[in-house]
Amino acid sequence: MKHSTKLSLIILIALSAAVLEFGFKATLSAQIIVTLTGTLMALSMLVEMIKTLRAGNYGVDLLAITAVAATLAVGQYWASMIVLIMLVGGESLEDYAAKKAHTELKALLDNSPQTAHKLTKDGETSDISVEEAQIGDKLLVRPGETVPVDGHIISGSSLFDEASLTGESRPVQKDQGDTIYSGSINGDGAITMEVDKLAKDSQYQRLVQLVKEADSTPADFVRLADRYAVPFTAIAFVIAGIAWFLSKDPVRFAEVLVVASPCPLILAAPVAIVSGMSRSSRNGIVVKTGNVLEKLASAKTAAFDKTGTITSGRLFVDKIVPTSGTTKEELLQYAASAERSSGHVLARSLLAYTSKQALKPLAVTELTEVTGNGVSAKLNEQTLKVGKAAFVVSEPQKLTLPNQTSIFVSLDGKYLGYISFIDKLRPEAAETMQTLKRHGIKNLLMLTGDQPQIAQKIAQAVGITTVKAKLLPEEKIQALKDVPLAEHPVIMVGDGVNDAPSLAVADVGIAMGAHGATAASESADVVILKDDLLKVAKAVKIAQDTMKIARQAVLIGIFICIFLMLVASTGVIPAIIGALFQEVIDTVSILWGLRARFSKEK
């Protein structure tokens, strides 16, 4: 039974009992109804508590069960009913808060593109569903319409609102050749686009999937409260036991336990953590579970991929060096043909360059991306390979390797040349490292597959001291595993397909998801929607704020409860009044926890 349904049922029973007692003077009937309801609820809670204990978790259910049982045993049945309403109401509030955790992102579901205007050969348009759009199709996007799938502009220019995707409020100017993403809203200019990705692989659907995943994997909220549950429960029973012993009145035991009802512990942490997740969403940061916030808040190490993560992702083709018998245009055309479906930053830079050179990709088949190595495809029954030297040719040691980021090309095993790129730092990279250090993350690593000389130069420029270069994906995983236990939790930040295994292995995987590979976003715990590395530091700051507020909310509730328990132990607070006092404690805890959502951004 849903908590909201259970709450409605208990309130209905309470109202019925109240009508019987105060309307028809049927006190015994009212007491029997409330007692039976309380007993059934207590037994239900007992079963749940046993399941929790078997799972190895220790919660505060024992206090709630004892409070209900004690008030019923001493005839304080209305106090028992108030405690029940309060507990189930708290669970209902938790459900409601969880549903609201991703309000900003769920707006995507309401604006989901359904149709696209496909251009026919004679220049006419026909409406198709977004699922029917195929790679290479030409679509018309009219002013004010939502871009249906990912693609690039082939004619026209316009401003695009990408707020729902990245959190960036300012429209972005897009011109011919620029990439546009599904879910962004066209401004006042009609454009013609070419489809680069199917609807299921487009940016919009990836975000929708992230929202669904976040909703289907709720946080284990009670973990924070459990740290305080055992000592709090012990204190409550000691105070209640002493009060009973000194007064020789079992009612005193019930009165103390009523005000010790654990609603602050049950409510404070979930409300604060859900609020923190919502604040993250508002800042263009998708946090998939509440547990991730707790790990982020206490992280001691941060590891970064280089290309597309510390660098801006705006690589430029520097040198085109073909072998004898191959022209620069042919080398570019071969490379672009194989890389056209890759999400890697080098592929995007190469395709942008060849587009400006008016070079059309060749028709290739059997495209296969080999994680951490490159891309393989069939071209007229010949095998075309583009990627690392060791992947492209059988004897890479015989090649003269350039001292910069490059891709190599071969056709049926014959080496055709290489294309090198200029790698630019993200302007916010150094500030990100400094900010992370201020937040307590002192151990900063760079894990990259690039050459050591390049990696060292970039690491020095941004303030990273430890560099591990020329790593394959499995070597990155081992490097993360080698981090000493004292320097955990470990954050890993990356953007490409080759980063996906590392993101999954790290305590917290953060994907730069604005342009990154789908695999990286799916395996990460946190996805940065805007192409801004400083959002990593922002995520850590939000996590630390959230956990600080969550702890404060829990402790405030506990201290108020202990104070009221001491007062109740003197006998001046009747059980029913003590139960009502719990509403005050709940309200204070909830309002304090909500501060995690409304904290001012700097």
Side-chain angles (χ1 to χ4, degrees), residues 210 214 219 273 276-277 279-280 283-311 426 428-448 459 462-468 471 473 475-496 498-514 516-517 519-548:
L210 286 175
I273 293 175
M277 292 172 72
R279 178 183 168 194
S280 298
N283 281 270
I285 304 165
V286 180
V287 179
K288 294 184 180 179
T289 72
N291 288 342
V292 171
L293 281 179
E294 190 167 355
K295 292 177 184 177
L296 266 179
S298 57
K300 295 182 178 64
T301 299
F304 295 83
D305 177 47
K306 180 184 74 67
T307 305
T309 303
I310 295 176
T311 59
R426 289 179 181 268
E428 74 276 12
E431 183 184 355
T432 299
M433 304 307 158
Q434 293 169 5
T435 306
L436 286 173
K437 288 178 181 178
R438 286 200 302 271
H439 290 319
I441 301 177
K442 307 296 185 183
N443 187 24
L444 299 175
L445 312 175
M446 180 191 288
L447 307 178
T448 178
V462 300
I464 293 177
T465 53
T466 304
V467 178
K468 297 187 178 182
L471 299 180
E475 293 172 327
K476 286 186 180 182
I477 292 173
Q478 189 57 49
L480 291 172
K481 291 180 177 179
D482 289 341
V483 174
L485 190 61
E487 295 180 0
H488 280 250
V490 177
I491 298 169
M492 175 67 197
V493 187
D495 85 316
N498 63 321
D499 298 320
S502 301
L503 296 178
V505 165
D507 296 316
V508 180
I510 301 180
M512 301 296 294
S521 296
E522 288 177 350
S523 61
D525 304 298
V526 179
V527 181
I528 307 294
L529 301 182
K530 185 181 178 183
D531 201 23
D532 181 0
L533 190 63
L534 203 54
K535 293 285 187 182
V536 173
K538 186 69 175 179
V540 173
K541 174 67 165 59
I542 290 173
Q544 290 179 346
D545 288 350
T546 298
M547 298 314 299
K548 179 181 178 182

Using modelled atom types only, decide if a donor and an acceptor are shared between the side chain of T301 and the backbone of E487 within a distance under 3.5 Å.
yes
List the atom of P489, the atom of D507, and the distance in Å for their closest heavy-atom pair.
CA-OD2, 3.0 Å
Are the side chains of V526 and I491 in touch, meaning some heavy atoms are under 4.5 Å apart?
no
Side chains of L444 and K437, heavy atoms from C-beta outward: is any pair under 4.5 Å?
yes
Are there more than 12 heavy atoms of other residues, nucleotides or ligands under 6.0 Å from atom NZ of K548?
no
Which heavy atom of V462 sits nearest to which heavy atom of A429, and what is that distance?
CG1-CB, 3.6 Å
Which atoms form the tightest heavy-atom contact between H488 and P484, and what is the distance?
CD2-O, 3.1 Å
Any donor-acceptor pair under 3.5 Å linking the side chain of T311 with the backbone of K306?
yes
Rounded distance (nearest 0.5 Å) linking atom OG1 of T432 with atom CD1 of I310
9.5 Å
Rounded to the nearest 0.5 Å, what separates atom CD1 in I273 from atom OG1 in T546?
8.0 Å
M492 and L503, any side-chain heavy atoms less than 4.5 Å apart:
yes
Taking E428 for its side chain and L533 for its backbone only, find out whether a donor-acceptor pair lies under 3.5 Å.
yes
Validation row: M512, R426 side chains within 4.5 angstrom (heavy atoms)
yes
Hey, are the side chains of N283 and K535 touching, using non-hydrogen atoms and a 4.5 Å cut-off?
yes
First locate atom OG1 of T448, then atom CG of D305, and finally report the distance between them rounded to the nearest 0.5 Å.
5.5 Å
Indicate yes or no: at least one non-hydrogen side-chain atom of L480 is less than 4.5 angstrom from one of L447.
yes
Got a donor-acceptor contact below 3.5 angstrom from the K288 side chain to the A524 backbone?
yes
Drop me the distance from N443's CG to T465's OG1, to the nearest 0.5 angstrom.
7.0 Å
Over all atoms of both residues, closest heavy-atom pair of A297 and M547:
CB-CG, 3.5 Å
To the nearest 0.5 Å, what is the distance between NZ (K476) and CG (L445)?
12.0 Å
Quick one: are I542 and V287 in side-chain contact, heavy atoms under 4.5 Å?
no
Would you compute the distance between atom CD of E431 and atom CG of L534 and round it to the nearest 0.5 angstrom?
4.5 Å
Between K468 and A479, what is the shortest heavy-atom contact and its length?
CD-CB, 4.0 Å
Could you go through the side chain to side chain contact (heavy atoms under 4.5 Å, CB included) check for L296 and I510 one step at a time?
CA-CA 10 Å; L296 266 179; I510 301 180; 4.2 Å; yes
Do R279 and D545 touch side chain to side chain, with heavy atoms closer than 4.5 Å?
yes
